[in-house]
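Chain naming here is simple, since letters A, B, ... match the order of the sequence lines and numbering starts at 1 in each.
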Amino acid sequence: MAGSFRVQRLPSASPGIALAARAAAIVLALVFAGLILAMTGANPIELASEVVDASFGSSFGMEDLGVLVIPLIMTGLSVAVAQQIGAWNIGAEGQFYAGAFAAAAVGLFVPGPPALILVLMFFAGLIGGAVWILVPTLARAYANVNELITTLLLNFVAILLVYFVSTNAWRDKMANSATPRLSAEIPEFWGSIHWGLPIAIIVALLVAGLLAFSRWGYEVRLVGSNPSAAKYAGMPVRRHLITVMLLSGAIAGLAGMLEIAGTVHRLQGGISNNYGYLGIMVAVLARSSAVGVIFSAALMAFILNSGIILQTQGLTTSTVLAITGLILFLTAIGDELAHYRIARDKA
Amino acid sequence: MDLLTGLFTTAFLAGGVLALAALGEVLAERVGVVNLGVEGLMALGALTAIATVAAIPSPTIGFLAALGVGALFGALFAFATVILRANQVLCGLALTLMGSGIASTIGRAYSGMPARATFAPIEVPLLSKIPVIGPAFFSQNILLYLIFIILPVGLSYIMFRTRHGLNLRAVGENPAAADAAGIPVNLIRFAYVTAGSALAAGAGAYLTLTFVPSWSDGVVAGRGWIAVALVIFAGYRPIPAVLSGLLFGFITALGFVGQARGWPIAPAFLSMLPYLGTMAFIIVPVLAWQRMRRIMAAPAAIGVPYYRDLR
């Protein structure tokens, strides 16, 4: 029979269709969320215009976005880097806390001029994050233990640790649930936006450059796409896995450092705002591209900020988490459907 | 109640939550689907149970409602991963984000409210009078017997002693061969993923109906992830899954006893025990006994979507 159609699956989706599928997933998720809000009696169109107005209508709105995007770029980059070699770092949340913890230790207890302290905090954040992913990294490299679960379990340990020190040994006698203000802070350059923003963008571009142009980056990408071929070609698969995962942890740790040194100025429980989990979303939307992370982090910051603006309507960060989950769910489906095309049978 | 009795009683309660969730994950992984949504499903189940008993004060109805909600979200997950064949890791993470987010949002209305009805302990005559272990084993609520005896033994029998069990394991090991042998691969996957999700939500309900009896944000606290890790530790088998759940219940109970007795360790560090314990228990065995890897091996087709048209 001439002209009959059939669905055909292609081994790889074309980038254009994949991008369109992602855009459709985001729009569809937001429409769903709007419909649910409408069912609870709110007017989604009115809320949407309120959000756009509050985000882009004033310099305050833009400042909030600028501050929110910093940790999201970093945690998204952390997840995206690990993805390059085929590892799932679901522990960016914990590494964020560990980096903040290490940086706070420097900021609270090391005396010295602020500029020097900031540099020390910077490296403390990197090391804190890297130490936090060390055991999952070695377990994956030497015993092939699934890093997805081990990195995740350490999140809870890091959160408990930070909660403990900020309410006990390091607590401010006046505040009780937070440490005293840190001795050094990252200066601001536009309203409340601090130099953490350019640092985050530079780190992302640096990582992108390394992955795209260095021999190390080439080998890492090859190991990520085909480990056995890379091994056969004589590449140090295990060593690359270890360096990439430690780098991933260090970047998430730096996110924690930038957050406490630039935005919060003290260590306390709940500083992360789920940035580690939202980072997974940022990395997935960016298709694990380090440059793409900057843009998807901006989108994520907008969604997160909308949640904060709409708090009066019963929306909170947990609602944002639910909407993020819906976007991720529809993105996963969209990614798969982008592989299909409708072909006409030649009869 | 003396120390040991308290320890065992808490171990069974805390372990029951993990055991039930782990059993659900065993079902999904045995047919080849990794469900990382357990944490979110547990949050949904925990909230559904609290909200239901607030309206109808019957723990049984609360538990059944949680099973229903779990099956609903499980079917959604199965539709995406089994029928549409979307990435299982992404969909699982998405389900966890959605479930935890929805539960915290709706749960704000129930925050801090104690459960209006809970599963009461049932005393087995005579046996519950045995010193130390009697109250812990024979004076527990009825669900505990379901979780620790009926479900694991029943599932183990079905999985390893029946023709249906052979089919379902074949679907997880080699779906193409199973399909060629006339086994409905997608139907079996869909059914077991949905059933497993219902059990995960049931574990959440069990948490808020017996163990903590109230709702608070973050009440699940990573137990879903511990359950996923336990399945690996248990080698994808129902009875070891339940036993390792009990082992972890015991670790949790130790932390509680430490807090109650004022051990000179901060509560925060005692609360870290289950997470660090889980880490140790999935890392140490593979390092210590290389041979264990083959015995404990995961189903071969785990995480791999099945495309019949590409066969």
Practice prompt. Apply side chain to side chain contact (heavy atoms under 4.5 Å, CB included) to the pair B/L90 and A/W88, showing each step before the final yes or no.
Written response: CA-CA 10 Å; B/L90 289 186; A/W88 276 107; 3.5 Å; yes
Side chain, backbone, both or neither: which part of [X] has a heavy atom under 4.5 Å from chain B?
| X | result |
| --- | --- |
| A/L326 | both |
| A/V157 | both |
| A/F329 | both |
| A/L330 | neither |

Check [X] against [Y] and note the closest heavy-atom contact, atom names and distance.
| X | Y | value |
| --- | --- | --- |
| A/I149 | B/A229 | CG2-CB, 3.6 Å |
| B/Y275 | A/L153 | CB-O, 3.8 Å |
| B/L97 | A/G325 | CB-CA, 3.7 Å |
| B/C91 | A/A332 | SG-CB, 3.7 Å |
| A/L161 | B/M272 | N-CE, 3.6 Å |

Worksheet item: So what's closer than 4.5 Å to chain A heavy atoms on B/I106: side chain, backbone, both or neither?
Response: neither
Discussion item. Taking side chain as everything from C-beta outward and backbone as N, CA, C, O, which of these in B/A221 sits under 4.5 Å from a heavy atom of chain A? Side chain, backbone, both or neither.
Written reply: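 For B/A221, backbone heavy atoms alone lie under 4.5 Å from chain A.
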Worksheet, complete the sentence: Checked B/V228, B/I226, B/V89 vs chain A; the most non-hydrogen pairs under 4.5 Å come from B/V89
So how far is it from [X] [atom1] to [Y] [atom2], rounded to the nearest 0.5 Å?
| X | Y | atom1 | atom2 | result |
| --- | --- | --- | --- | --- |
| B/I83 | A/E336 | CD1 | CD | 12.5 Å |
| A/I323 | B/M98 | CD1 | CE | 12.0 Å |
| A/R9 | B/R85 | CZ | CZ | 7.5 Å |
| A/T151 | B/M279 | OG1 | CE | 9.0 Å |
| A/I36 | B/I102 | CD1 | CD1 | 7.0 Å |
| A/N144 | B/I283 | CG | CD1 | 12.0 Å |

Worksheet item: Hey, mind stepping through B/I282 and A/T150 against side chain to side chain contact (heavy atoms under 4.5 Å, CB included) and telling me if it holds?
Response: CA-CA 9 Å; B/I282 57 174; A/T150 50; 3.9 Å; yes
Discussion item. Evaluate A/V284 against B/L93 for side chain to side chain contact (heavy atoms under 4.5 Å, CB included), listing each step before the verdict.
Written reply: CA-CA 11 Å; A/V284 167; B/L93 291 173; over 6 Å; no
Worksheet item: Using a cut-off of under 4.5 Å for heavy-atom pairs, which of A/I333, A/L152, A/L321 has the most such pairs with chain B?
Response: A/L152
Worksheet item: Could you go step by step and tell me if B/N87 and A/D335 meet the side chain to side chain contact (heavy atoms under 4.5 Å, CB included) rule?
Response: CA-CA 8 Å; B/N87 185 306; A/D335 274 5; over 6 Å; no
Discussion item. Taking OH in A/Y163 as the centre, count heavy atoms belonging to other residues, nucleotides or ligands within less than 6.0 Å. Is the count above 12?
Written reply: no
Discussion item. Within the 4.5 Å heavy-atom criterion, are B/W225 and A/L148 side-chain neighbours or not?
Written reply: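 Of all side-chain heavy-atom pairs linking A/L148 with B/W225, at least one is under 4.5 Å.
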